[in-house]
Amino acid sequence: QVQLVESGGGLVQAGGSLRLSCAASGRTFSNYAMGWFRQAPGKEREFVATINWSGGSTYYADSVKGRFTISRDNAKNTVYLQMNSLKPEDTAVYSCAAGKSMATIISWYDYWGQGTQVTVSS
């Protein structure tokens with residue numbers, strides 16, 4: 001089992017920045033690829049970003065490419081999502097997930113956090 005706890009969400013004005021953190025415990029963190037997903041009210045959960053076990057490979061949704069950066073610190077068992085130039089349409093609950101390999105598909109991930117709310121005001 002892997003337990004994931006997100007933090008760092010909040011209210012920010014459009015154009016601002018936030019950094020989300022996802023702390024992992026349980027099985028060896030570095031064994032897992034990690035992903036960030038988000039779900040806005042009334043919408044399905046969607047892929048945001050993913051990173052491989054070492055941090056050497058990343059992949060982003062087109063909607064966040066160039067604005068968001070995913071990274072990880074295996075010594076701290078933590079994955080991050082740096083979000084810059086935030087837009088109102090980025091408003092959602094952001095969740096991290098752990099899986100066997102990088103993927104954009106929800107069902108590919110085995111473990112999920114509870115999520116943290118990000119609200120971007122215009």
Side-chain angles (χ1 to χ4, degrees):
Q1 289 283 346
V2 176
Q3 292 78 42
L4 302 172
V5 179
E6 301 95 338
S7 61
L11 174 64
V12 64
Q13 289 188 333
S17 298
L18 281 175
R19 188 177 81 155
L20 305 184
S21 299
C22 171
S25 60
R27 293 186 175 181
T28 305
F29 177 68
S30 60
N31 285 348
Y32 293 90
M34 299 297 295
W36 284 98
F37 289 77
R38 67 186 182 186
Q39 187 167 21
K43 295 187 177 181
E44 294 186 352
R45 181 177 286 179
E46 65 174 5
F47 166 76
V48 175
T50 185
I51 189 167
N52 74 336
W53 69 273
S54 69
S57 183
T58 59
Y59 184 77
Y60 299 91
D62 287 343
S63 58
V64 307
K65 199 173 296 182
R67 299 188 299 123
F68 291 12
T69 302
I70 188 171
S71 62
R72 66 190 295 162
D73 185 338
N74 287 342
K76 295 182 177 180
N77 290 351
T78 302
V79 63
Y80 304 98
L81 186 68
Q82 178 67 45
M83 305 186 295
N84 299 329
S85 302
L86 282 161
K87 305 174 180 180
E89 51 264 43
D90 294 319
T91 295
V93 174
Y94 284 72
S95 300
C96 64
K100 297 178 181 64
S101 61
M102 295 173 61
T104 63
I105 303 170
I106 292 171
S107 60
W108 205 254
Y109 291 86
D110 300 313
Y111 304 102
W112 291 82
Q114 292 298 310
T116 184
Q117 176 70 47
V118 171
T119 303
V120 184
S121 63
S122 58

Novice: Which value, rounded to the nearest 0.5 Å, describes the distance between R19 atom CZ and M83 atom CE?
Specialist: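 One gets 11.5 Å once the value is rounded to the nearest 0.5 Å.
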
Novice: List in chain and number order the residues that pass salt bridge (Lys or Arg N to Asp or Glu O under 4.0 Å) with E46, two or more places apart in sequence or in another chain; answer none if no residue qualifies.
Specialist: R38

Novice: What distance separates Q82 CD from I70 CD1, expressed to the nearest 0.5 Å?
Specialist: 12.5 Å

Novice: Considering all heavy atoms of both residues, which atom of S101 and which atom of A33 are nearest to each other, and what is their separation?
Specialist: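 Scanning both residues, the minimum pair turns out to be C-CB, 3.3 Å.
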
Novice: For G26, is there any backbone N or O sitting under 3.5 Å from a side-chain donor or acceptor partner on Q1?
Specialist: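 A pair under 3.5 Å: no.
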
Novice: Quick one: pull up CD1 in I51 and CH2 in W36 and give me the separation to the nearest 0.5 Å.
Specialist: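 Taking CD1 in I51 and CH2 in W36, the distance rounds to 11.5 Å.
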
Novice: Work out which heavy atom in L11 is nearest to a heavy atom in S121; give both atom names and the distance.
Specialist: CD1-CB, 4.3 Å

Novice: One pair to check against side-chain contact (heavy atoms from CB on, under 4.5 Å): E89 and S63. What are the steps and the verdict?
Specialist: CA-CA 10 Å; E89 51 264 43; S63 58; over 6 Å; no

Novice: Distance-only, no hydrogens or angles: does the D90 side chain make a donor-acceptor pair with backbone N or O of A14 under 3.5 Å?
Specialist: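 Such a contact is absent between D90 side chain and A14 backbone.
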
Novice: On a heavy-atom basis, which atom in T91 and which in V120 lie closest, and how many Å separate them?
Specialist: OG1-N, 2.9 Å

Novice: List, by chain and number, the other hydrophobic cluster members for Y109, where Ile, Leu, Val, Met, Phe, Trp and Tyr join if side-chain heavy atoms come within less than 4.5 Å, directly or indirectly.
Specialist: F37, F47, Y59, M102, I105, I106, W108, W112

Novice: With F29, which of V79, V2, T78 fulfils side-chain contact (heavy atoms from CB on, under 4.5 Å)?
Specialist: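 Passing option: V79.
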
Novice: Using 30° and 60° as the class boundaries, would you call the ring planes of Y111 and Y32 parallel, tilted or perpendicular?
Specialist: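 Plane angle over 60°, so perpendicular.
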
Novice: Count the heavy atoms of every other residue, nucleotide or ligand shown that sit under 6.0 Å from NZ of K65, and state whether that count exceeds 12.
Specialist: yes

Novice: How close do T69 and Y60 get, heavy atom to heavy atom, and via which atoms?
Specialist: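 In this case the closest contact between T69 and Y60 is CA-OH, 3.3 Å.
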
Novice: Do you know which two heavy atoms are closest between L4 and M34, and how far apart they sit?
Specialist: CD2-CE, 4.0 Å

Novice: CZ/R67 to OG/S85 distance, rounded to the nearest 0.5 angstrom?
Specialist: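 Here the rounded value is 7.0 Å.
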
Novice: Find the distance between CZ (R72) and OG (S30) and round it off to the nearest 0.5 Å.
Specialist: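 These two atoms lie 7.0 Å from each other.
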
Novice: With distance as the sole test, does N74 use its side chain to make a donor-acceptor pair with the main-chain N or O of N77 at under 3.5 Å?
Specialist: no

Novice: Which residues end up grouped with Y80 if you chain together Ile, Leu, Val, Met, Phe, Trp and Tyr wherever their side-chain heavy atoms are less than 4.5 Å apart?
Specialist: none

Novice: With side-chain contact (heavy atoms from CB on, under 4.5 Å) as the criterion, how do L86 and F68 come out once you've worked through the C-alpha distance, each side chain's angles and the decisive distance to 0.1 Å?
Specialist: CA-CA 9 Å; L86 282 161; F68 291 12; 3.8 Å; yes

Novice: Between the side chain of E6 and the main-chain N/O of Q114, is any donor-acceptor distance below 3.5 Å?
Specialist: yes

Novice: Ignoring hydrogens, what is the shortest heavy-atom contact between S17 and N84? Give both atom names and the distance.
Specialist: OG-OD1, 2.9 Å

Novice: Rounded to the nearest 0.5 Å, what's the gap from OG on S122 to CD on Q13? Could you check?
Specialist: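 With rounding to 0.5 Å, OG (S122) is 9.5 Å from CD (Q13).
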
